[in-house]
Each structure stands twice: as structure tokens, then as C-alpha cells.
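Note sheet for the following structure.
Sequential numbering from 1 along the given sequence is applied to the chain's residues. Both counts, for ligands and for their atoms, begin at 1 and track the order of listing.
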Amino acid sequence: MNITLNGQTCWAKPGETVLDVARREGMNIPTLCHLSAFSPTGSCRICTVEVEHCGTLVPACAYPISEGMVVRTNSPRVRRARKTIIELLVANHPPDCLFCVRSGSCELQKLTQEYGVRTHRYQGERRRARIDIASPAIERDPEKCILCGRCVRICHETQHVGAIDFVHRGFRSAVAPALERSLNTVPCVDCGQCVVNCPVGALTEKSSQKPVWEAINNPDLVVVAQVAPAVRVALAEEFGAEAGTVATGRTVAALRRIGFARVFDTNFGADLTIIEEATELLHRLTHGGSIPMLTSCSPGWVKFIEHLYPDLLGNLSSCKSPHEMEGALLKTYYANKIGVDPSRMFVVSVMPCTAKKYEAQRPELGGDYPDVDAVITTRELARMIRVAGIDFHKLPNEGFDDPMGESTGAGAIFGASGGVMEAALRTAHFYLTGNDMPSPSYAPIRGLEGVKQAEVRIGDTTLRVAAVSGLKNIKPMLDAIRDGNSPFHFIEVMACPGGCVNGGGQPLPATPEKLIKRTESIYQIDRESPRRNSHRNESVQKLYAEFLGEPGGHLSHELLHTHFVERDDF
Ligand code: FES
């Protein structure tokens, strides 16, 4: 089909919307409620355009093209309509930009700037509601909500959780959990995908910056940081760098200048996780155990299965997640090495994930002390770097501290969907054949697709594996396990679509193009690593020789494994 957009003839495919064609032609139309890859709702109307033959204003995101259509995306009438829509949204929005955590990355604020909204043109009663701060991971400020519904759709359609929905009608319309309860009293899994997709400051991570600064300023504490794999390929975006810029050395340098006594690499914990998880998988396969084994390093996913499929908890690997393993060792092995009482050690995890905040508070994860004392997201670390007056671009590249600073390419790829599986296959290959995989890269389980499956032949063993991201994608597999029809031996599950590169704590906005670049950088780190197999990590080998004993042994079970619980108390 041919249509005319702003006087320019453009080709279009049947079924496309005006927005699809305009974007392809490089014409910008603002959107708020629109989510690519979802069917349109047309609720905010900010994408209004003018169709000539009927003289009507229509929402570009929901209006299908037809042959010969003539559309104007930038007429005076269109601009007036959009400005009025913004003014009406602003009329019901708190004038909090000075204090709002999304100031500078708020889509509504950006539109008010672009369309020259300088006053509150429409004055009247504003919707009032209490802020919900009870969740350990996510805060919800209903007064800032513009009712675009993006969070609702992500929670229902991508995650199949449904913790929030529209409630009430007309002026009282709101997005809230059932019965307007707190987020921590409903089966929210704390994944933070609602935060990533909120255009304004209605949903944000619960900040842990204050307790971390207090710990750093407490002379009685030894405050150490650890950095997750996906943080180093995203943090630089917060300082204007291109998506996927690898900033490992500068991240370490920034943390030292903020005041952390030591900076360790969660990739070390990831390597350790692989040793324990591969051992657990092979033990289940040879001694009989619940198969398929499901990975357990994504806390949002773990909470999901605890809420919705508690009968399958036996399929979950008993391994703690990498940062929890590392925290447990920092407060035992490392504290003992440097002669510090574990009660004086304060462990801060820098994570791409909001659910890690909830995970760190789980009573099962820790003994006399929690394994991890505080979790800050990539975005929070960026704020701390700014507050400390550090010029991120001028930082030198510094290395992690020993002994938990050494890692392999296998640990690095935990940041991408399929990475845990690939790393586990590399080590399973070594355990089953005595040799490393001839080519460690395993393409069938790479990429941003929600479901990837493969059949892997290792020696005499054939393993059927899958890597799943986005919680809706795991439901059919869980149902098949329940029915006894699952063909798989091992399934990796990540709550966030695309894995940790797209975690709820990562820089905003997380566009598909940015996710691709972050993912490519994760694999680049792997390719450039001198060692690409977790079992080749010499510091991990030394840890077992000096302290833990055998993989899957008694002390490993005490420190590195946990149990999961049916969760009806939320
Ligand atoms: Fe088109 Fe909201 S973006 S109606």
C-alpha cells in the first residue's frame, strides 16, 4: 500500500498502524501508553495525528493504514491537541519534579518541555492517594500515575503475575493491587518490569542509598561491594555513553572512591554457582532426583514458583544465587582471612535487579547474619557516583580485589538470558568427558527470544535444555512438568525478558536496541576472557581446596545452598 505522510509518499504493509509507518520513515510521534509488540490500547491519545479524508484526529498507535490515506503528524491542529492532552495530564499530576526520582528521565516531563507547557492551565481537584512503601523492592505513588496502563500490561501479559490492575472508575480510576492493598501483600514478584516500563515516577525501586551511605560512614564497619555481570555493560549509559559500553574497570574505581573498602566481582559467585549447579544436576541425573532441574538465581522467578507452583519446588536447584553465595563466603571465608568479625562486615550488592532487594531480606539466606546487607541497583549506583562528585568518564580502569575478584567468561554470561545454561553446559561437559567443550560458545540458547530450546550431546549423554525469560513463557513448561510431560532435563528461567541486561534496576529507557547492545557486550566480555569455563577459575579451585572441600559437600550445602517455601503469606 501507499500512504502519504506529511506530503511524503510511503509504502506500508496491510495491518500496520500509522505509528509503524511513521517510525520506519524516521518521523517522531510521541507515545505514552504504547508498548511495541503489544496490541494497542489507545488510551492516552498523545500520539494523535490528523487523517485528511475524514478530517479526524486519530491515535497513530491504534489506527490501521489504508490505501491512499493522507496523514499529517505535525499540523497546528495536531500540535494543539497534543498540548491540551499534556496540560490535562499535568492538571492531575503532583508538581513534584524537583524531588521526583524520575526527573530527567520522565516521559511526561520531556513532553511538557517539548510542547512548551509552562503553566498549570487547568486547575481543579487532583486525585489523592497514599504512597505504598511497604514492599522491600518497589514503591508506588498513585498520585503520579497517568493511567497509561503499561505496568498493568507488562505484569499481566509478559509476566502472567497480575499483581496490579485498574480499579475504580472515572475520576477515581487508579492502578493498584487488589482491594488497594500494599504491593507486599499480593503475589508481586518484585521483578521491577513495571518500574522499567512506567513513563513517570509512579513506580520506582525502593532506595537503599541511605543505609549504604550510613554504613560507609560508620568506622566500625568494613563495607564491601560486589558487582553483578549485567551492571558493567549498562552503568555507563547513565553518564551518556552508548548502550553496551563496557565499564568494568571504571565501576570498580567509582566504588572505591565512594568509600567501599573492597570491591569484588559477583562473576566469581557466578562461577561458583556453576560448579555447584552442574554438580547438583549430574547428581540428580545419576542418583534420581526431580528432573527437569530449574535454575534458582532469579529471585523474581523463585518468588513466582513459590506463589503459583509450590508443588514443583523440588525441581528448583537448591543453589543460592551468585551474589548470595558470594555474600555468604565474604562473611565466613574472607572475613576469617582478613581477621574481621562477620558482624562488622557489611556487604552491598550492586545489581541490575529490584527483586534482589527482596531476596537479600529472606530469612533463609544467611545464618547469624544476612549474607547480603543491602542491594543497590545500577541506577542507584549512578546516583551515588553523582552525589560523590565523581566524574565517571575520567575514572581509571581498576581491577577487582582478590580473592573473589577472579572470574571467567562463563561467569560473565550470567547477565544474558541463556547464559547460566551455557555456562553450566561448559562445566557439565568437563565433568562428563574430562575435556573442555571444543567450542565454548553455544548459539542455540543465545538471544532475546523468550523461549530457546536445544538438545546437547555430551559424551554418551543427551541433555534436553531450555532457556526461558519473561514469566509467561515458563507457565506452559511448568504445566508440562506437572502433567509428567516435560521433555527437558534442565531449564534456565529468568524473570525479566532478555535476562538481567533488562533487569528492573537498569538504566531507563530499556529499548530493544539497547538490550541487544548490552547483550552483545556480555558475550564480548566472554570472548575476550582468558578463561571461559567456571571450573578453570583458579580462585574458585583454591576456595574448594582451602575451605569448602568438595563441590556439593557438607560446607557447600551449609553456605551455598538454601531451601524454598510455599508462599501464601507473601
Ligand atoms: Fe497512542 Fe497512547 S500512545 S494512544
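The pair R362-E306 counts as a salt bridge, with a side-chain nitrogen and a carboxylate oxygen less than 4.0 angstrom apart. Salt bridge absent: K357 and E205 never bring a charged side-chain N and a carboxylate O closer than 4.0 Å.
For I133, the CD1 atom counts as loosely surrounded, since its 6.0 Å shell holds 12 or fewer non-hydrogen atoms of other residues, nucleotides or ligands.
Each of R232, E238, Q506 was evaluated against T378; a single residue qualifies, Q506, per the side-chain hydrogen bond (donor to acceptor under 3.5 Å, both in side chains) test.
At a 4.0 Å heavy-atom cut-off, the residues surrounding ligand 1 are T31, L32, C33, H34, G42, S43, C44, R45, C47, C61, listed by chain and number.
Geometrically, R386 engages F239 in a cation-pi contact, judged by NZ or CZ lying under 6.0 Å from the ring centre and within 45° of the ring axis.
For D20, the side-chain hydrogen bond (donor to acceptor under 3.5 Å, both in side chains) partners at least two apart in sequence or on another chain are T17.
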